[in-house]
Chemist: 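Following this message is one structure expressed as structure tokens.
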Amino acid sequence: MRPTHSFNDRPRPDSHVIVIFGITGDLARRKIIPGLYHLFVAGLLPEHFRVLGCGRTQSAMTDDEFRAYAYNATCQFAATAPREDEWARFAQSLSFSVDPDDGPRGVEAAVARAELEMGGGVRRLYHLAIPPDAMRDVVRLLGSKGLNENARIICEKPFGVDLESARELNHEITAFFDETQIFRIDHFLGKESIDNILALRFANELFEPLWRRSHVRYVQIDVPETLSIEGRGAFYDSTGAFRDMVVTHLFQVLGILAMEQPTSLTARPLRDEINKVFETLRVLDPSSVIRGQYAGYRDEEGVAPDSTTETFIALRAWIDNSRWMGVPFYLRTGKCMATSQQMITIGLREPVMEIFPDQRDVDSHDGNKLLIDFKDPGSIHAHFLAKQPGPDMTLGLAKMHFHYNDSFQEKNNLEAYERLLLEVMLGNQALFTRSDGIERLWEVAAPLLAAPPPVESYVKGSWGPPSVGTIVSPNDWTLPE
Ligand code: BG6
């Protein structure tokens with residue numbers, strides 16, 4: 001269990017009323033409620049705050065029921081079990097409101113009450129943990145009641161389902177909130193190991209000079225999951241692996257990996273550089289994509305019996321700029337796979353001269369690469385060839401390892417959602433997607449969405465359809481190691 005660290009010397013956000021739409025959903029239970037509790041215990045929440053769980057009339061709870069619900073979610077999903085005294089203090093701030101009820105239990109009245117209790121200078125934070133088609137109504141409700149003032153809004157992914165819907169959604173939201181108030185969240189950008197890529201590249205001269213086409217043969221971003229669709233049949237069947245994981249998480253990781261050095265780590269330069277990568281990302285060629293569906297998916301609750309939604313996807317992407325021209329970026333993710341890992345591989349080129357007698361016999365795919373395991377707590381591994389001890393110059397595979405959990409104070413670690421919720425309260429947009437970036441990604445996706453290749457079946461617990469090797473050929477997938 002993760003011990004809780006206190007960050008008492010850090011500046012705290014202003015007083016906040018935090019309204020969570022979609023409070024009965026999976027995300028609120030797994031991440032948002034436990035995340036807010038951990039921020040509270042770590043001393044990172046504002047001194048004065050209220051959390052309003054907001055749900056539909058049919059799932060309405062009393063405040064006490066909501067506190068019990070939040071407690072259970074925290075016990076089940078927080079890294080640290082709640083301590084009784086701390087939970088009692090946190091729970092005082094929790095209440096339930098009904099969306100879009102106009103009465104005393106409605107959002108408007110509940111926000112007004114919370115603000116009155118806290119006194120002046122309160123910021124409003126709305127977390128829209130709801131599907132893209134439900135966001136519009138909530139945004140209109142907030143705008144029509146003047147609740148958009150002094151407010152920030154978090155929009156969950158996927159942001160739209162294609163270019164047109166993302167544009168419409170951007171249009172709808174910007175009618176009431178300006179871009180500085182909008183935080184399109186992608187929790188992979190809040191992961192320690194993803195942010196560490198910035199440090200690895202730009203705080204060292206060890207790697208960055210190699211980080212380009214002259215030295216890199218290919219890049220892999222591989223996120224297999226053993227998880228299935230976990231009772232999210234209806235959501236998943238209309239979303240699929242590409243929208244759920246690639247347009248959002250994997251492309252964002254690609255942006256961080258491939259970007260040029262920003263002039264600073266503040267929001268504008270950082271997002272400018274990430275968006276430049278998206279601008280030069282070649283539109284997807286459906287013939288470089290494999291879509292898979294695990295056997296038995298169509299029998300899951302909420303899934304159409306003739307569904308062609310993919311639960312697995314592997315694809316080859318290209319970045320047409322002077323740093324990356326000709327270097328394939330291989331992306332893969334899927335449900336019900338053999339293992340759960342989150343692995344980046346930077347495969348380096350081989351030296352032009354072969355002066356070692358057995359150089360050709362050593363498997364060049366094993367040596368000569370950098371692996372970034374970004375599944376919490378994260379690690380980095382350099383694989384290289386070394387001389388084996390003895391009278392002959394015989395090469396063997398050697399490895400150097402860095403593990404977060406035995407190298408730093410892991411107790412300082414914030415889970416991705418915690419980090420990002422804190423950044424929103426502090427008003428820092430650096431790790432959030434900008435409208436032009438997300439629209440460009442849907443543009444890149446358009447040919448695939450228009451003409452997706454047929455889904456190929458794969459066995460649960462496998463590495464996807466048998467054809468998956470063709471995406472990386474003549475290279476290999478690093479996983480399974
Ligand atoms: C979510 C997806 O955004 O990310 C899930 O909707 C996926 O399908 C999850 O399992 C993976 O994120 P993490 O951080 O829990 O590995």
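The first residue in the sequence is number 1, and the count goes up from there. Just follow the structure's listing: the first ligand is 1, and inside any ligand the first atom is 1. Model, not experiment: these values are computed from the prediction.
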Chemist: Considering only non-hydrogen protein atoms, determine which one is nearest to atom 12 (O) of ligand 1 and report residue, atom name and distance to 0.1 Å.
Modeler: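 For atom 12 (O) of ligand 1, the nearest protein heavy atom comes out as H187 NE2, 3.1 Å.
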Chemist: Does H249 have a non-hydrogen atom less than 4.0 Å from ligand 1?
Modeler: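 Flag set, H249 near ligand 1.
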Chemist: Heavy-atom distance to atom 9 (C) of ligand 1: which of K31, E225, E415 wins?
Modeler: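 Going through K31, E225, E415 one by one, E225 has the nearest heavy atom to atom 9 (C) of ligand 1.
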Chemist: Do L441 and T433 have side-chain heavy atoms sitting under 4.5 Å apart?
Modeler: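 The answer is no; the side chains never approach within 4.5 Å.
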Chemist: Can we say R434 and D272 salt-bridge, meaning some charged N sits less than 4.0 Å from an Asp/Glu carboxylate O?
Modeler: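 A salt bridge is present here (some side-chain N lies under 4.0 Å from a carboxylate O).
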Chemist: Enumerate the atoms of ligand 1 whose separation from the nearest heavy atom of K335 is less than 4.0 angstrom.
Modeler: 5 (C), 7 (C), 8 (O), 10 (O)
Chemist: Any chance the side chains of T311 and Y458 put a donor and an acceptor closer than 3.5 Å?
Modeler: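 There is such a pair between these side chains.
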Chemist: Does any N or O in the side chain of Q181 come within less than 3.5 Å of the main-chain N or O of A151, such that one atom is a donor and the other an acceptor?
Modeler: yes
Chemist: Is any side-chain heavy atom of I256 closer than 4.5 Å to one of R201?
Modeler: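 Not touching, per the 4.5 Å side-chain cut-off.
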Chemist: What is the closest protein heavy atom to atom 5 (C) of ligand 1, and at what distance does it sit?
Modeler: R232 NH2, 3.4 Å
Chemist: Only heavy atoms of K157, strictly under 4.0 Å: list the atoms of ligand 1 that pass.
Modeler: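 Answer, ordered by atom number: 1 (C), 2 (C), 3 (O), 6 (O).
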Chemist: Measuring from atom 2 (C) of ligand 1, which candidate in D376, D244, D186 has the nearest non-hydrogen atom?
Modeler: D244
Chemist: For ligand 1, is any non-hydrogen atom under 4.0 Å from K191's backbone (N, CA, C, O), its side chain (CB onward), both, or neither?
Modeler: side chain
Chemist: Quick check on Y236 - does any of its heavy atoms sit under 4.0 Å from an atom of ligand 1?
Modeler: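 Per 4.0 Å heavy-atom rule, Y236 does not contact ligand 1.
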Chemist: Check for a donor-acceptor pair, side chain of K157 on one end and backbone N or O of D244 on the other, with a separation under 3.5 Å.
Modeler: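 Yes; judged by distance alone, with no hydrogens or angles, the pair exists.
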Chemist: Closer than 4.0 angstrom, basic N to acidic O: yes or no for R232 and E300?
Modeler: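 Not counted as a salt bridge, because no side-chain N and carboxylate O are separated by less than 4.0 Å.
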Chemist: Quick one: look up the protein heavy atom nearest atom 16 (O) of ligand 1 and list residue, atom name and how far away it is.
Modeler: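 The protein heavy atom lying closest is Q342 NE2, 2.9 Å.
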Chemist: Where does R243 meet ligand 1, judged by heavy-atom distances below 4.0 Å: at the side chain, the backbone, both, or neither?
Modeler: neither
Chemist: Using non-hydrogen atoms of the residue, decide whether M245 is closer than 4.0 angstrom to ligand 1.
Modeler: yes
Chemist: One thing to verify: whether E310 and R332 come together as a salt bridge, which I'm taking to mean a side-chain N less than 4.0 angstrom from a carboxylate O.
Modeler: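 A salt bridge is absent here (no side-chain N lies under 4.0 Å from a carboxylate O).
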